[in-house]
Amino acid sequence: MGDWKRSHMCGVLRSEHIGQKVVLMGWVQRRRDHGGLIFIDLRDREGLVQLVFSQDIDVESFNKAEVIRSEYVLAITGKVISRPEGTENPSLPTGMVDVEVEEVKILNKAKTPPFYIEDGVEVDENVRLRYRYLDLRRPEMYNSMLLRHRAAKAARDFLDRNGFLEMETPMLTRSTPEGARDYLVPSRLNSGKFFALPQSPQLFKQILMVAGMDKYFQIVRCFRDEDLRADRQPEFTQIDLEMSFVDVEDVLILMEEMIQLICKETIGVVPKLPFPRISYQEAMDRFGLDKPDTRFGLEIKDISDVAKSCGFKVFNGAIENGGQVRAINAKGCGAYSRKDIDDLTAYANIYGAKGLAYFIVGPEGSIKTPITKFFTQEDLNIIVERLQGEEGDLLLFVADNSDIVAAALGNLRLHVAEKMAIIPEDKFNFVWVLDFPLLEYDQEEKRYTAKHHPFTSPREEDLDLLDSDPAAVRARAYDLVVNGMEIGGGSIRIHQRNIQEKMFNALGLSKEEADEKFGFLMEAFEYGTPPHGGIAFGLDRLVMLLAGKKSIRDVIPFPKTASATCLLTNAPDIVDDAQLKELHIKTDVKLKGTEK
RNA sequence: GGAGCUGUGGUGUAGUGGUUAACAUGCCGGCCUGUCAAGCCGGAGACCGCGGGUUCAAGUCCCGUCAGCUCCGCCA
């Protein structure tokens, strides 16, 4: 660069700069060579501007321009001029001006990139991830990173203004039972022992409350060694916070204010407060999922009462076995073909439904269905009425235990809505889901596990149920859901040793085990612990939503693939025997795909 | 652990079991002073993810495997 100092970003030049001498630095977006006149679009993160090279301006620069190729890195000096009349390009923010190049330095050459550096590219994600540094040069990727920065900044500023201290918690911590699989880190100085990377700073932030910090927050990386999804990465970022002397209400009110600010500062949308609230039970009843998408109807209706006495064995059998029969009305889908309905059935099968019964509502309340004969006319009328069936509607029924019915219909509802294209894309429907059950029964482990986590406080009035009817205990927990996606969750915590012990007991954790794994927490509780509670938001998911992306990989600079590898660095990889030896670690796997 | 989809020049795609694998774009060379997805002319570039099998003959059919993606399980 010599002693050149950049005077402007490429993308900011406008008519007001006409006449100015500028020094620009950036990447070559594209070169257009007209023989005696060469145009080069120079790009930086702010946008691009057209450079003009001509023998009339500077012969040396012109000669250099002939060998310049895409993605070369240039520094230029030149003059901003008004474009000759008729050659303005209104589709470009900088389209009213040119920069006449007087001197050019090629700061670096570039190989031809494997894909176009522009928005809307259709490239295998494989290739994008391998060349992530090129992918990130694309404006839409930069914009997502910018949005992410602004979201984090808005959260940080908001929390600072509201008295929260940003504090760090250890990345090397202890593995604890319950929850996701831990990523383990061997300790060289303590051979045979392992740290775990935190699944969340949960215990530390509670201990910070014991320590009188009053309000804590952190924008923090968390690690979970579980299988990936479009919205799940092994390392992800949370806006994590905790407050002392608060109840559910305090957390919700402050947090929706923060979310409102984040929306405003990133995409200029100001969601209306307060956010609607719904109980877990109502969400399951109406939407089949604990993360309801409230942007459209198609709500689930229970017809168990009618189905109980019908002659259709699938229906009445399900109810005899303690199950239920519920349904949704796919409005106006009565013309679906046999294949369409087979596809819906296959979709319901994914969630454990053994089948999918259907009614097609015909003219004057008539019903077309293979199972009409099992129902009295009166029953048919009740069902159609309950689902508000009209001519041309398709009613879809699932009969099974409540979990399967909810999952199948809940997901079918989303699937059908998508197929019908009735989901308003521009809406942000936030909703708090409250009154989660504290525990759920794990069939495999034959014990109760915490629905949220083991430090969640039960509602006071349900405390006695912990022994008699654990499944009925409601938690002081809350999730924030938007458009069917869970973006945050938290709870008021247990702050008394005896209740925490009760909780561990309910989870089937022996006193010894509880002491060994969580003794430090319970001991802390004995030294004057304030009532406290908090919440954590998934920053990646929040940004994905605001950026309108379908995968959190698109808002993470260096994401991992579905099999938890990094295609840029090739991590994870085998390590030298010497490293393993130092750690006293031996592996017994046959390695696959580790060749360099 | 399971299910599905995808894999063909650098990139994106086409390719009823049958000659020399087609198209677009990019790339290289030439021409060109107002283009902006510049244009025109010419050229190079893939043995079809990998390994088996069926067949006279496989990009195409079968089996396995690898990779990417989506989903179920899993994710307090």
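By convention in this document, chain letters (A, B, ...) are assigned in the order of the sequence lines, proteins followed by strands, and residues within each chain are numbered from 1.
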Distance-only donor-acceptor test (3.5 Å): side chain [X], base [N]:
X       : N       : result
Q50(A)  : rU35(B) : yes
R553(A) : rG68(B) : no
D227(A) : rG73(B) : yes
R32(A)  : rC32(B) : no

Say we look at [N] and [M]: how far apart would their [atom1] atoms be, to the nearest angstrom?
N       : M       : atom1 : result
rU54(B) : rC62(B) : P     : 15 Å
rU20(B) : rC48(B) : C1'   : 15 Å
rA58(B) : rG42(B) : C1'   : 35 Å
rU8(B)  : rA46(B) : C1'   : 7 Å

Margin query: Is the distance from the ring center of Y280(A) to that of F436(A) below 6.0 Å?
Written below: yes

Item checked: Between CD on residue E102(A) and OG on residue S61(A), distance to nearest 0.5 Å -> 8.5 Å

Can you measure [X] atom [atom1] to [N] atom [atom2] for me and round it to whole angstrom units?
X       : N       : atom1 : atom2 : value
D33(A)  : rC40(B) : CG    : P     : 15 Å
I350(A) : rC72(B) : CD1   : C1'   : 7 Å
Q233(A) : rG68(B) : CD    : P     : 12 Å

Can you figure out which of [options] approaches the side chain of [X] most closely?
X       : options                   : value
N126(A) : rC72(B), rA67(B), rU11(B) : rA67(B)
H34(A)  : rC27(B), rC69(B), rG34(B) : rG34(B)
R69(A)  : rU70(B), rC74(B), rG29(B) : rG29(B)

Counting any heavy atom closer than 4.0 Å, what does [X] reach on the DNA or RNA strands: base, sugar-phosphate only, or nothing?
X       : result
F115(A) : nothing
T565(A) : sugar-phosphate
P454(A) : base
Y116(A) : base

Notebook entry, point to check: Near E418(A) CD, under 6.0 Å, is it more than 12 heavy atoms from other residues, nucleotides or ligands?
Noted result: no

Next item on the list: List in numerical order all residues of residues 85-101 of chain A for which some heavy atom is under 4.0 Å away from an atom belonging to RNA chain B.
Entry: T87(A), E88(A), N89(A), D98(A)

Check: Does any donor atom in the side chain of R493(A) or S491(A) lie under 3.5 Å from an acceptor atom in the other side chain?
Finding: yes

Next item on the list: Please check if any side-chain donor atom of Q206(A) sits under 3.5 Å from a side-chain acceptor atom of Q202(A), or the reverse.
Entry: yes

Is any side-chain N or O of [X] closer than 4.0 Å to OP1 or OP2 of [N]?
X       : N       : result
S563(A) : rG68(B) : yes
R30(A)  : rA38(B) : yes
R83(A)  : rU35(B) : no
R229(A) : rC72(B) : yes

Which side-chain N or O atoms in residues 406-417 of chain A pair as donor and acceptor under 3.5 Å with protein atoms at least two apart or in another chain?
unit_1: N411(A); atom_1: ND2; unit_2: A407(A); atom_2: O; d: 2.8
unit_1: R413(A); atom_1: NE; unit_2: G297(A); atom_2: O; d: 2.9
unit_1: R413(A); atom_1: NE; unit_2: L298(A); atom_2: O; d: 3.4
unit_1: R413(A); atom_1: NH1; unit_2: D293(A); atom_2: O; d: 3.3
unit_1: R413(A); atom_1: NH2; unit_2: D293(A); atom_2: O; d: 2.9
unit_1: R413(A); atom_1: NH2; unit_2: F296(A); atom_2: O; d: 2.8
unit_1: R413(A); atom_1: NH2; unit_2: G297(A); atom_2: O; d: 3.0

